[in-house]
Amino acid sequence: VTTQSFARYTDSPWRVFEEARVPARRSRFAHPLAEDELVREAAGAAALVVGLDPVTAKVIGAAPSLRVIAKHGVGVDNIDVAAARAAGIRVVNAPGANTTAVADMTMALLLAAVRRIVPAHTSVVQGRWERFFGPELAGRTLAVIGFGRIGQAVARRARGFDMTVVAYDPHLPAEVFAEQGVRAAGLDECLAAADVVTLHLPLAPGAPPLLGRAELARLRPGAYLVNTARGGLVDEAALAEALRDGHLAGAAVDVFASEPPDGSPLLDAPNVVLTPHCGAFSHEANAAMGTTVATDVVRVLRG
Ligand code: NAD
């Protein structure tokens with residue numbers, strides 16, 4: 001059973017299932033499913049391919065035939081991995097398949113934020129022809145928090161824009177930073193040094209926001225924040241307040257604590273550019289994520 005959008009945008013994963021003679025049911029939904037809907041969808045399935053749908057212990061308990069849960073993407077924070085493991089169910093994902101897409105989107109959002117592309121567009125369409133100013137990226141410092149695949153790809157792009165890059169990732173050896181021409185630093189040092197902070201770490205289940213009120217206050221006045229990682233990494237109310245009181249110059253956000261973000265304080269905060277969790281949605285990444293997880297699903301089902 002798949003709940004994923006690759007049903008709509010690419011044929012390649014379906015070919016993988018067809019060639020392996022694995023019958024696949026395509027379910028198409030505009031939004032992630034609610035837990036009860038997923039319980040109904042998953043019943044009787046041997047494999048489940050999900051996007052951001054909540055694969056909770058209840059869903060897992062209600063699907064006794066389930067052998068593999070596949071995340072059409074990287075972050076498995078919507079899957080109760082411990083419950084899956086306890087039930088002998090494999091969890092697979094598609095690391096690397098969307099690195100380029102998310103890194104490109106991060107730069108697109110950053111440039112949109114600093115050069116105010118969205119209000120500029122609106123101004124032209126509405127016949128006002130105002131002029132907008134913003135800082136250049138060259139010579140500014142970018143702090144990359146989480147220096148894995150996407151973080152490193154963003155750092156390479158930022159260096160192409162002549163930015164200085166510092167990065168925080170407590171799980172990596174020093175060589176990784178050196179190879180990328182990036183200075184490794186602690187979280188506090190990164191926040192204090194940054195003109196722009198960009199997040200590229202996973203959301204640990206149940207963890208408090210990495211950037212709460214105190215951490216946001218540590219940023220330089222006039223700094224920007226880009227979040228294409230996970231909404232739960234940032235305290236949205238504190239971020240909205242920092243934008244409203246002018247401490248931060250802008251924020252670009254692809255991911256929200258709850259999605260869609262009905263009622264989020266970011267929706268009416270000033271100087272934001274907001275996108276609907278579509279950082280991974282390049283044609284190439286969508287096809288690569290789909291074929292990677294379809295291939296893994298077939299491999300697990302064949303034992
Ligand atoms: P990755 O596993 O290659 O890199 C994640 C890095 O974060 C690792 O190097 C890890 O050591 C580091 N890390 C873990 N905990 C940390 C902490 N507390 N502080 C600092 N660093 C920490 O993953 P990736 O492919 O680079 O993806 C990064 C994240 O981006 C994913 O976990 C996912 O949540 C998010 N993502 C979002 C989209 C989107 O559509 N917007 C798409 C793909 C991934």
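Just so you know, ligand 1 is whichever comes first in the structure, and atom 1 is the first atom listed for that ligand. Nothing here was measured: the structure is a model prediction, and the numbers come from that model.
If you check which protein heavy atom lies closest to atom 32 (O) of ligand 1, you get P202 CA, 3.3 Å. Distance from atom 20 (C) of ligand 1 to its nearest protein heavy atom, with residue and atom name: P170 CD, 3.4 Å. Regarding atom 4 (O) of ligand 1, its nearest protein heavy-atom neighbour is G148 CA, 3.2 Å. Annotation: atom 30 (O) of ligand 1 to nearest protein heavy atom, I150 CD1, 3.8 Å. Closest protein heavy atom to atom 12 (C) of ligand 1: D169 OD2, 3.1 Å. The protein atom (non-hydrogen) at minimum distance from atom 21 (N) of ligand 1 is G146 CA, 3.5 Å. Closest protein heavy atom to atom 19 (N) of ligand 1: Y168 CE2, 3.4 Å.
Remark: distances from the non-hydrogen atoms of V74 to ligand 1 include one below 4.0 Å. The shell of residues lying under 4.0 angstrom from ligand 1, judged by heavy atoms, excludes G73.
Of all the listed residues (L210, V154, T228, T99), T228 holds the heavy atom that lies closest to atom 37 (C) of ligand 1. Selection from L201, L52, I145 by nearest heavy atom to atom 16 (C) of ligand 1 gives L201.
Listed by number with element, the atoms of ligand 1 under 4.0 Å from a non-hydrogen atom of D254 are 39 (C), 40 (O), 41 (N). If you number the atoms of ligand 1 from 1 as listed, the ones under 4.0 Å from a heavy atom of H200 come out as 5 (C), 6 (C), 7 (O), 28 (C). Every atom of ligand 1 with a heavy atom of H277 under 4.0 Å away is listed here by number and element: 39 (C), 40 (O), 41 (N). Taking every non-hydrogen atom of V102 and a distance limit under 4.0 Å, the qualifying atoms of ligand 1 come out as 38 (C), 42 (C), 43 (C).
Every residue two or more places apart in sequence or in another chain was checked for a salt bridge (Lys or Arg N to Asp or Glu O under 4.0 Å) with R85, and none qualifies. Taking the side-chain hydrogen bond (donor to acceptor under 3.5 Å, both in side chains) definition, one finds that E284 meets it with nothing, sequence neighbours left out.
Only the side chain of N98 comes within 4.0 Å of ligand 1, counting heavy atoms alone; its backbone N, CA, C and O stay farther away. Contact annotation: for R149 versus ligand 1, heavy atoms closer than 4.0 Å belong to both the backbone and the side chain. By the criterion of a heavy-atom distance under 4.0 Å, neither the backbone nor the side chain of F281 is placed next to ligand 1.
Using a 4.0 Å cut-off between charged nitrogen and carboxylate oxygen, R183 and E189 count as a salt-bridge pair. The pair K71-D53 does not meet the salt-bridge criterion, since no charged nitrogen lies less than 4.0 angstrom from a carboxylate oxygen. One finds no salt bridge joining K58 and D80 here, because no Lys/Arg side-chain nitrogen approaches an Asp/Glu carboxylate oxygen to under 4.0 Å.
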